[in-house]
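Structure, as C-alpha cells:
We count ligands from 1, going down the list as the structure has it; atoms in each ligand are counted the same way.
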Amino acid sequence: MNVPLTINSIMDFAERVHGDTEIVSVTIDNPKHRYTFRDAFARTRQLANALAAAGVQGGDRVATLAWNDYRHFELYYAISCSGAVCHTINPRLFPEQVDYIANHAEDKLIFTDPAFLPLLEGLEDKLTTVEKYIVLTDATNMPATSLSNAIDYETFIMDQPDTFTWPEFDENTASALCYTSGTTGNPKGVLYSHRSTLLHAYGAALPDTMNMSMHDVILPIVPMFHVNAWNIIYGAAMIGCKLVFPGPKMGDGAALQALIEDEQVTMSAGVPTVWLALLAYLRDTGKSIDSLNRVVVGGAACPQSIIDEFEEKHNVYAHQGWGMTETGPLGTYNSLKPGMENLPLEGRRAIQVKQGRPVFGVDIRIVNDDGEVQPWDGESTGEIRIRGNWVCSGYYKLEGADSHDADGYFGTGDVACLDSDAYLKITDRTKDVIKSGGEWISSIELENVAVGHPDIAEAAVIGVAHPTWTERPLLIVIAEEGKIPDKSDVLSFLEGKVAKWWIPEDVVFVDEIPHTATGKISKKDLRVTFSDYTFPE
Ligand code: AMP
C-alpha cells in the first residue's frame, strides 16, 4: 500500500497507541507542567482550529520563537499537520538576523515565549508580513506589550473545539523551516518535508543510532529551534517514550540534574557546552544522575573529557553525532562495533572521540581539493560530501546558492577522514565560522568590523579551543605603522557593533598574517601557528 509518509501519521499513531505517555515541561509560567500525548494532541487540534481561524493555509509559514516545552510541541504538530510550515526562529540570533529571516520566510504569525517580547517589540515596524503575535502563556501571566496585535496562547485556543479534520497532502509537502547562519552572508533557510522528517525519525531511533525505546525517558536539551531538536520530538512520538522538556533551563546544571532525577530521565541530547555545565554542577555538589544511561553529544566536537567524566563518574555513555541543519541533521552516530567494547580503554576512547558511522538513509564520501573521492583509510582527508533521504536539495528561495556537486552530493564545508570501520573523524573546516556553545560566529564579519579601528591595518579571526564554549574567537591583528593600539581599546571598539557574545576572547598583535595564493587570509596556516595558543584565564 502506498500510505504517505507524513508527520500526521506519527501524530495519529502516537495518540492511539501511546496516548497515556507523559510529557513534562518547565515553562516560564509553570515550573512543572505535566500531561499526556492524548492531552497534547487534543490541544493540537484546538490549535489547528485557531490557526485556520487566523487564516493560516497550506504552505503558509508560521514562526515560533520559543524554548523546548509542551506548547512548542503542540505547535510543531498543529502547524505541520495543517499543511503549513513550522518556522522555528533561533532567539539567540541578533535582531537584524531575526528581522531578515522572518521577512525572508514571510511569516504570517509568530508564536513567542514572553522572554522574547522585547526583541519583537523592537522589530515590529520591520516585520511586514506578520499579522499576529501569540505569546506562549496564559491570560494571568500575559505581560504588558507594545505589540499591536498580541494575544496569549491559552486565550488563542480556548474556545476552539478539539476536533479537526486534518487535510490530506503529498508526503513531499514542506513541514518545517530552519535558517542556518553557519556560512557567510545572510542566514539561509532549509526546508524539511513530511517524508524527510519521518524517514529521519526511523533512522535516528534505530538501535545503533539513538536506540530510542518506549522504556526511555528522553530529555531533549538541544533546542527545538535548532534542526527540530535533532528531530527527537518526532521519533519520541513514534516510539512512545516519555518526554521531558527543560524550557528556559537548558544551560542550568542544577535544573537539569533535578529534572533527570525527578523524572527518571534515561537519555538526553545536547551540545558539549550543556554537558560541561551539568558535569561541573555534579562535581561541585556531589549530586548524581543515576537514571541516565546515555547522552547524545553533537553540534560541535565532543572533548574526550566529557566522555571520560560521564562514563567514569556517572556510568553514562556519551555518543557523539555529527550533522548539520542542511542534513536533517543526522549524518553519523558513534556506537561501537561488536568487539570494540573489549578494547583497552585508550583504544576505545580513540574511537569514541570520532564523529561516528554513517546512518542508513545518508551516503557519505570524502573528496579532496582536486575533486577526488578518498579511500576509507583513516588518513586521507577532504571535504565531507553527503546525499540522502533527509539532506537538503537547496536553500529556501535562494536558487543557485546550493552547494551540491555534479554527483548530487551536498558539500558540507567540514573536512574529515573515514576509517576502514566507517568511523568519520573531523579534522578541520573550510567554512570561515566559529562555533561557540553550539552557535555560529562569523569570523569575516568580526574582521570587517575590527579593520574599521583606526589603528588596525589588517585583522583575522580564528576559532581556538575553549574549555566551556568548545571554541571562542581569537582576534589577530597587524597594527597601522607607528600605532600601538591596546587590547581593551580594540575590544571596546567592537562593542555595540557585534553581538556581545561574539566579542573575541583575546587579541594578539603580529607583524604578518599569512595569505593564500589568491590573496585571502590563510586561516589554515593561522590555525597551525596558534595551535598551542590558550586563552588567558
Ligand atoms: P548546524 O547547522 O548549526 O547544526 O552546524 C553544523 C556544523 O556543526 C557542522 O557542519 C560542523 O561544522 C559542526 N558539527 C556538528 N556536529 C559536530 C561534531 N560532532 N564534531 C565536530 N563538528 C560538528
* **Nearest candidate to atom 5 (O) of ligand 1, where distance is taken over non-hydrogen atoms, out of Lys435, Glu439, Met324** => Lys435

* Kindly write out the residues that satisfy side-chain hydrogen bond (donor to acceptor under 3.5 Å, both in side chains) with Thr266, not counting sequence neighbours, or none if the list is empty. => Asp216

* Aromatic ring proximity Tyr333/His319, centre distance under 6.0 Å -> yes

* **Intermediate values then yes/no, salt bridge (Lys or Arg N to Asp or Glu O under 4.0 Å), Asp428 and Lys524** => CA-CA 9 Å; Asp428 200 1; Lys524 214 171 170 181; 5.8 Å; no

* Aromatic ring centroids of Tyr234 and His200 under 6.0 Å? -> no

* May I ask you to check if ligand 1 and Val227 share an N or O to N or O distance below 3.5 Å? => no

* Asked: Evaluating non-hydrogen atoms only, which member of Gly298, Gly321, Gly413 is closest to atom 19 (N) of ligand 1?
  -> Gly321

* Below 4.0 Å from any atom of ligand 1, is there a heavy atom belonging to Pro329? -> no

* Asked: Is the shortest N/O to N/O distance between Ala301 and ligand 1 below 3.5 Å?
  -> yes

* Asked: Are the aromatic ring centres of Tyr192 and Trp390 under 6.0 angstrom apart?
  -> no

* Does ligand 1 have an atom under 4.0 Å from some heavy atom of Gly438? -> no

* Asked: Counting heavy atoms only, which of Glu471, Gln355, Lys425 comes nearest to atom 20 (N) of ligand 1?
  -> Gln355

* Asked: Any non-hydrogen atom of Gly323 lying under 4.0 Å from ligand 1?
  -> yes

* Asked: When you check the gap from the basic side-chain N to the acidic O, do Glu471 and Lys435 get nearer than 4.0 Å?
  -> no

* Asked: Are Trp502 and Phe94 an aromatic pair by the rule of ring centers under 6.0 Å?
  -> yes

* To do: State whether the shortest distance between N or O atoms of Trp440 and N or O atoms of ligand 1 falls below 3.5 angstrom.
  => yes

* Numbered atoms of ligand 1 (with element) below 4.0 Å of Gln320, judged on heavy atoms -> 18 (C), 19 (N), 20 (N)

* Proximity flag Lys431 to ligand 1, non-hydrogen atoms under 4.0 Å -> yes

* Asked: Short list, please: which atoms of ligand 1 are under 4.0 Å from a heavy atom of Thr325?
  -> 1 (P), 2 (O), 3 (O), 4 (O)

* **Ring center gap for His87 and Tyr179 short of 6.0 angstrom** => yes

* **Within the 6.0 Å centroid threshold, strictly below: Phe535 and Trp469** => no

* May I ask you to check if ligand 1 and Asp414 share an N or O to N or O distance below 3.5 Å? => yes

